[in-house]
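First listed ligand is number 1; within each ligand, the first listed atom is number 1.
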Amino acid sequence: MPTDARMLMAVRVVVVTTLVLAALIIQYTVREVLPINYLYTTAAITYGLTLVYIGVGQLVTSRKINLAVQVAGDLVVETFLVYFTGGLDSPFSFLYLVSIITASMLLYRRGGLLGASGAVILYGALGDLMYYGVLPLPEQSWFVPTPWTSSRLYLNMATNFAGFYAAALLTSYLSEKLKKTSQELDANRQNLAELRALNQNVVESIPSGLITLSPDGVATFINPAGCFILRRDPQSVIGSPVAQLGFYAENEWEHARETLTVGTVVRNEKQDVQIGDELRTLGFAVTPLNSIEGISSGYTLIFQDLTDMKTLEAELRLKDRMAAVGELSAGIAHEIRNPLAAIAGSVQVLKKSAALNPQEQRLMSIILKESERLNKSIADFLRFVKPQEKRPAEFDIAASLAETLELLRNSPELSAGHTIEGEIVPPTYTIVGDADQIRQVFWNIARNAVQAMPDGGTLRVTTFVIADRYNIVFSDNGRGMTEADQRRLFQPFRTNFPSGTGLGMAISFRIVQEHGGRIEVSSHEGAGTAITVSLPALARVRNAVA
Ligand code: ADP
Ligand code: MG
């Protein structure tokens with residue numbers, strides 16, 4: 001049985017039972033027999049009908065039919081009550097209204113009108129039958145019967161009927177409206193839930209960081225990607241002013257805010273943002289957040305970590321530049337070499353002439369010695385600059401490193417104040433690559449370290465293996481580099497060393513890259529430098545010579 005049919009039954013039983021109990025109590029207190037037997041009869045009929053309704057409920061599941069049966073039963077019971085309490089004189093005719101209102105509420109317009117019509121028929125029939133004496137007047141003791149004129153009958157009928165229909169129409173109008181509104185509300189609620197879920201999904205799954213800011217610049221929300229990029233948890237971000245998030249300094253934010261009006265976007269890039277213990281580059285855009293009413297309700301800050309992209313960009317630029325420079329300088333070097341050979345050859349012939357005095361002989365020797373030196377420099381230069389063909393083979397990188405350090409220990413550049421410490425673990429490690437070129441890289445880096453410590457110091461070389469990559473760290477306590485020097489370290493022809501060419505690191509960079517490795521710098525001015533080279537054990541060595 002539907003819930004509201006059951007409910008209606010329960011309410012009816014409760015009301016009737018309460019009435020009966022009240023009547024019993026009154027009767028008991030006044031200690032006289034009141035003429036209210038009809039009340040007990042009505043209650044009995046109601047209880048009996050309730051059993052019938054339960055039976056109907058078992059047989060029929062339709063909500064409408066269950067409710068209609070109950071309303072019809074009520075109308076009949078009410079008619080009995082009205083008859084026993086004096087027909088037109090009965091004060092209980094209002095009960096019809098209760099049933100009509102119930103029907104209108106539960107069964108809407110049609111139910112209400114049917115209920116009202118039922119009441120009109122029953123009440124009308126009762127009145128007529130009693131008026132024309134077909135039904136005898138029940139015994140009365142406390143209602144004073146009034147004379148029944150025909151005009152009174154009609155007036156009574158007319159007002160009651162009008163009341164019945166009016167109640168049915170009004171109530172059903174209201175309950176229908178209510179039904180529609182609650183349906184709409186349900187639909188809206190559903191839409192809202194879907195929209196919210198969509199919103200949540202979008203915000204949670206975009207790969208960019210998203211922070212919303214209140215109008216005074218305090219973070220009110222951050223998405224998971226944002227937490228990941230900033231390496232902070234939501235609690236530590238929400239509630240912090242924007243100046244503490246690393247995107248803006250206080251005054252920059254004030255400035256940005258002034259330029260942010262409805263519909264504008266301010267894009268920005270910030271280098272060296274401290275994230276965890278790293279400095280990273282963030283790209284971000286701020287837009288004003290407008291509520292539906294068009295009032296500014298804060299800002300959204302969308303951001304990305306551009307560090308890796310920037311590094312890649314810089315590497316590509318460097319490679320381009322190095323290729324161009326290499327070609328150009330190789331060309332120039334060749335152009336110098338040919339006339340140099342001619343000069344040297346001519347001087348050689350002249351030197352053999354007997355007409356020269358010893359002073360002239362000495363000058364000739366200087367020319368020959370210096371041209372030889374220049375020729376050697378150019379040869380070196382060409383070897384460095386022109387990408388050499390690689391002969392990749394398996395070799396022991398740890399042994400190569402140890403050899404290079406030994407060579408450096410015996411080099412004339414080393415003074416008494418220099419110490420070279422090598423901690424090479426594991427002591428043998430095989431990789432695939434061009435051993436000569438890798439040795440060149442070690443030599444370049446180690447020599448730089450020594451040159452960066454003109455007054456002596458310690459070069460420490462440590463190695464470790466992670467995930468099939470051999471990593472070598474060269475750390476010195478020399479003069480270090482400025483931020484700008486670090487950025488330009490791998491660019492050719494940038495030198496700060498007295499006899500430097502600015503090519504060592506550029507060449508090392510290229511060699512390491514062609515071996516599928518990485519080279520990184522970390523330096524503090526005045527404190528020292530650490531250069532880390534990381535080489536894969538099984539690199540597919542790229543050959544730059546086409
Ligand atoms: P060069 O040694 O011919 O100057 P490099 O390419 O080897 O060229 O080095 C470029 C520049 O980088 C050096 O001139 C020096 O200023 C700087 N540099 C390289 N290594 C170090 C280091 N270990 N400490 C300080 N500065 C260094
Ligand atoms: Mg060098």
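- Among T482, T495, V450, the residue whose heavy atom lies closest to atom 4 (O) of ligand 1 is T495.
- Under a 4.0 Å N-O distance rule, the pair R280/D308 qualifies as a salt bridge.
- Salt-bridge formation is detected for the pair E406/R409: a Lys NZ or Arg NE/NH1/NH2 atom is positioned less than 4.0 Å from an Asp or Glu carboxylate oxygen.
- Residues T220 and T212 have side chains that bring a donor and an acceptor to within less than 3.5 angstrom of each other.
- For atom 20 (N) of ligand 1, the nearest non-hydrogen atom from the set T529, N448, I507, V521 belongs to N448.
- Contact annotation: for M481 versus ligand 1, heavy atoms closer than 4.0 Å belong to the side chain alone.
- For ligand 1 and A449, the ligand atoms under 4.0 Å from any heavy atom of the residue are 23 (N).
- The aromatic rings of Y248 and W253 sit tilted, their planes meeting at an angle between 30° and 60°.
- Residue side and main chain included, T495 places no N/O/S atom under 2.8 Å of the Mg ion (ligand 2).
- Put simply, the side chain of I378 reaches to within 4.5 Å of the side chain of I336, judged on heavy atoms.
- T529 and S523 share a side-chain donor-acceptor pair at under 3.5 Å.
- Salt bridge status for E278 with R231: present, with a side-chain N to carboxylate O gap under 4.0 Å.
- Within ligand 1, the atoms closer than 4.0 Å to a non-hydrogen atom of N496 are 13 (C), 14 (O), 16 (O), numbered from 1 in the order shown.
- The heavy atom nearest to atom 10 (C) of ligand 1, considering only E525, R494, M453, R479, is found in R494.
- When hydrogens are left out, the protein atom nearest atom 6 (O) of ligand 1 is M505 N, 2.8 Å; that is the closest non-hydrogen contact.
- Taking a 4.0 Å cut-off on heavy atoms, N444 fails to register as neighbouring ligand 1.
- Residue G502 approaches ligand 1 through these ligand atoms, each under 4.0 Å from one of its heavy atoms: 1 (P), 3 (O), 4 (O), 6 (O), 8 (O).
- Using a 4.0 Å cut-off between a side-chain N of Lys or Arg and a carboxylate O of Asp or Glu, R317 and D320 do not qualify as a salt bridge.
- Under 4.0 Å from ligand 1, the heavy atoms of D476 that appear belong solely to its side chain.
- Here's the thing with A506: none of its N/O atoms is less than 3.5 angstrom from an N/O atom of ligand 1.
- In this structure, F284 has its ring center at least 6.0 angstrom away from the ring center of F303.
- Among all non-hydrogen protein atoms, the one lying nearest atom 12 (O) of ligand 1 is L489 CD1, 3.2 Å.
- Under a 4.0 Å criterion applied to the non-hydrogen atoms of A452, ligand 1 contributes the atoms 22 (C), 24 (N), 25 (C).
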